[in-house]
2 protein chains.
Amino acid sequence: MAPVSTLGYALLSLLTRGPATGYDLTRRMREPIGYFWVAQHSQIYPELDRLADAGHVEVHEGEGPGPRAKKTYTITESGRDALAEWLPEPPAFQPRSEMVLKAYAANSADPVRMAELYQSIADVAAERLETWRAELEMMAEQGFSRPSHPRFGNYAVLKMGLESQRVTYDWATWLASRLREVVSEHDGAD
Amino acid sequence: MAPVSTLGYALLSLLTRGPATGYDLTRRMREPIGYFWVAQHSQIYPELDRLADAGHVEVHEGEGPGPRAKKTYTITESGRDALAEWLPEPPAFQPRSEMVLKAYAANSADPVRMAELYQSIADVAAERLETWRAELEMMAEQGFSRPSHPRFGNYAVLKMGLESQRVTYDWATWLASRLREVVSEHDGAD
DNA sequence: ATTTTCATGTAATCTGTTACATGATTAC
DNA sequence: GTAATCATGTAACAGATTACATGAAAAT
């Protein structure tokens, strides 16, 4: 049996929320799990074929709006089992952040522009922070914060999104202000 | 001119710390920037060739320990210019965290094992938190925290690493304890 | 009328990982 | 003597992005 990729497990996870088409999954992939895992439809369609071949999903074909049939996927028992086995395994750590990478070489570029960059990053984070804080509160009111709730995972992911934005906001704000110090020091010396 | 990849800019960033061989860069890539960007030597060697072709690095060949010549790379003015242009541009956001993805489907697996998973993640984060806190303090004492210091970037990256571990610790601890609630509720009901 | 949404696919390319391959020197 | 470190490379494969391609229905 061909092993399931991380994307495959991500799709199975999304399908625990109910049957969906590839198109649906492309959008479901955006919020909130998209804050921590992304995929384009060109990656999703072939992956669904593979999951179907492995018996982890069942396909139901119907009339499509375009020239092709619309395919609705449902997770199978085999899919649930595979997911349940994968979940408790230690996750791979795959760090990749251009935002932080750029900070590593921050003083190789114009400090004014770098300060602007991190200020704008902080501004975006501040906005998201507000939006997501409100969303999280709404979720809590709807009972999502109880671990037995079927959408508890959405709550947990959004909570992490919120904390991450908070850290980004604090760090980018700190970095921007430090970079502005360089500019004013320089001005004073000239 | 072939455009420089993100990995190429990462290598140029590392080379602002001084000339290095591919082997050196493979290790320099580990701390602290490796907390946010990783690359294997098999990716680094061909990328250095490309940077050399583009004139962004200069190569000096010497006697190697093995069968091949040892190549030392130095960043050129052209390399510094390319880096300085890339740095202030808005970074791509490339989120990929299996750790959070697994939380999205947390209640599709055995809560005992999931609680253990997030507890062990929290434990690892707690250890790193301590180590990195001490490292960051040492850096501050050596003056790295001043934005004009040539290693300010190391400080900024490690600071972000520290904050990220703190968030991971808090979140994973919260998640583990919530998952344990499910178990005790279940026990009570049985 | 035009754009957005729904809906599915493929091809070309780029990026990244794992494995294979060589060999001297230094540390245990 | 065995393992780790220094040092550079390639090949095969897997994973991900961008672009191309089609076409109906609904919304603006």
Side-chain angles (χ1 to χ4, degrees), chain A residues 1-11 14 19-31 33-34 36-54 57 59-73 91-98 101, chain B residues 2-11 14 19-30 33-34 36-54 57 59-73 91-98 101:
Chain A
M1 182 87 71
V4 178
S5 70
T6 304
L7 174 64
Y9 289 115
L11 296 176
L14 289 168
T21 64
Y23 185 85
D24 292 336
L25 291 169
T26 306
R27 283 176 320 150
R28 256 188 222 179
M29 194 65 108
R30 290 210 268 261
E31 283 179 339
I33 193 59
F36 296 97
W37 201 273
V38 288
Q40 310 298 320
H41 77 272
S42 58
Q43 218 187 336
I44 290 171
Y45 288 112
E47 188 63 40
L48 284 168
D49 284 344
R50 264 168 255 141
L51 289 173
D53 287 347
V57 296
V59 201
H60 172 257
E61 293 197 25
E63 280 274 304
R68 292 190 202 79
K70 170 172 157 174
K71 295 180 183 174
T72 304
Y73 295 87
F93 183 53
Q94 46 241 128
R96 222 143 229 146
S97 168
E98 263 190 24
L101 175 59
Chain B
V4 178
S5 69
T6 303
L7 174 64
Y9 289 115
L11 295 175
L14 289 167
T21 64
Y23 185 85
D24 292 336
L25 291 170
T26 305
R27 282 176 320 149
R28 257 188 223 180
M29 192 66 106
R30 291 208 268 259
I33 193 59
F36 296 97
W37 201 271
V38 288
Q40 311 296 320
H41 77 272
S42 58
Q43 218 187 337
I44 290 171
Y45 287 113
E47 188 63 39
L48 284 168
D49 285 343
R50 264 168 255 143
L51 289 173
D53 287 347
V57 296
V59 200
H60 172 256
E61 293 197 23
E63 280 273 304
R68 292 190 202 78
K70 170 173 157 173
K71 295 180 184 174
T72 304
Y73 294 87
F93 182 54
Q94 47 240 129
R96 222 143 229 147
S97 168
E98 263 190 25
L101 175 59

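Note on naming: letters A, B, ... go to the chains in the order of the sequence lines (proteins, then strands), and numbering restarts at 1 for each one.
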Practice problem: Please figure out whether B:Tyr73 or A:Ala39 has its closest DNA chain D nucleotide nearer the 5' end. | Solution: B:Tyr73

Quiz item: Does the side chain of B:Gln40 reach to within under 4.5 Å of the side chain of B:Thr26, using non-hydrogen atoms?
Solution: no

Practice problem: Report the distance from atom CD of B:Gln43 to atom P of D:dT10, rounded to the nearest whole Å. | Solution: 14 Å

Self-check item: Separation between NZ of A:Lys70 and NE2 of A:His60, rounded to the nearest 0.5 Å
Solution: 10.0 Å

Practice problem: When you get a sec, tell me which of D:dG23, D:dT17, D:dA7 is the closest nucleotide to the side chain of A:Val38? | Solution: D:dT17

Quiz item: Taking atom C1' of D:dG15 as reference, at what distance in whole Å does atom CD of B:Gln94 sit?
Solution: 14 Å

Quiz prompt | d(CG, A:Leu25; C1', C:dA7) in whole Å | solution = 12 Å

Quiz item: If you find the nucleotide of DNA chain C closest to A:Pro46 and the one closest to A:Pro65, which residue's nucleotide is nearer the 5' end?
Solution: A:Pro65

Quiz item: Out of D:dT22, D:dA11, D:dT8, which has the shortest distance to the side chain of B:Thr21?
Solution: D:dT8

Quiz prompt | OH on B:Tyr23 to OH on B:Tyr45, rounded to 0.5 Å | solution = 8.0 Å

Practice problem: Round to a whole Å and report the spacing from CD of A:Gln40 to P of C:dT8. | Solution: 16 Å

Quiz item: Is the shortest side-chain N/O distance from A:Arg68 to OP1 or OP2 of C:dC6 below 4.0 Å?
Solution: no

Practice problem: Using a cut-off of strictly less than 4.0 Å, decide whether B:Lys71 has a side-chain nitrogen or oxygen near OP1 or OP2 of D:dG9. | Solution: yes

Quiz item: Taking the side chain of B:His41 as heavy atoms from C-beta outward, which of D:dG9, D:dG23, D:dA7 is closest to it?
Solution: D:dG9

Practice problem: Take the protein atom CZ of A:Arg27 and the nucleotide atom P of C:dA7, then report the distance between them rounded to whole Å. | Solution: 8 Å

Practice problem: Please report the closest heavy-atom contact between B:Gln94 and A:Arg96, naming both atoms and the distance. | Solution: CG-O, 3.2 Å

Quiz prompt | Nearest-neighbour nucleotide for the A:Ser42 side chain, D:dT5, D:dG9, D:dT17 considered | solution = D:dT17

Exercise. Looking only at side-chain atoms of A:Tyr23, point me to the closest of C:dC6, C:dA21, D:dT22.
Key: C:dC6

Quiz item: So, A:Arg28 side chain and A:Leu14 main chain: donor-acceptor pair closer than 3.5 Å or not?
Solution: yes

Quiz item: Is the shortest side-chain N/O distance from A:Tyr45 to OP1 or OP2 of C:dG9 below 4.0 Å?
Solution: no

Quiz item: How long is the line joining CD of B:Glu47 and P of D:dT10, in whole Å?
Solution: 14 Å

Quiz item: Over how many whole Å does the gap from B:Asp49 atom CG to D:dT10 atom P extend?
Solution: 7 Å

Exercise. Starting at atom CG of B:Leu48, determine the distance to atom C1' of D:dG9, rounded to an integer number of angstrom.
Key: 12 Å

Self-check item: N or O in side chain of B:Arg96 less than 4.0 angstrom from D:dA16 OP1/OP2
Solution: yes

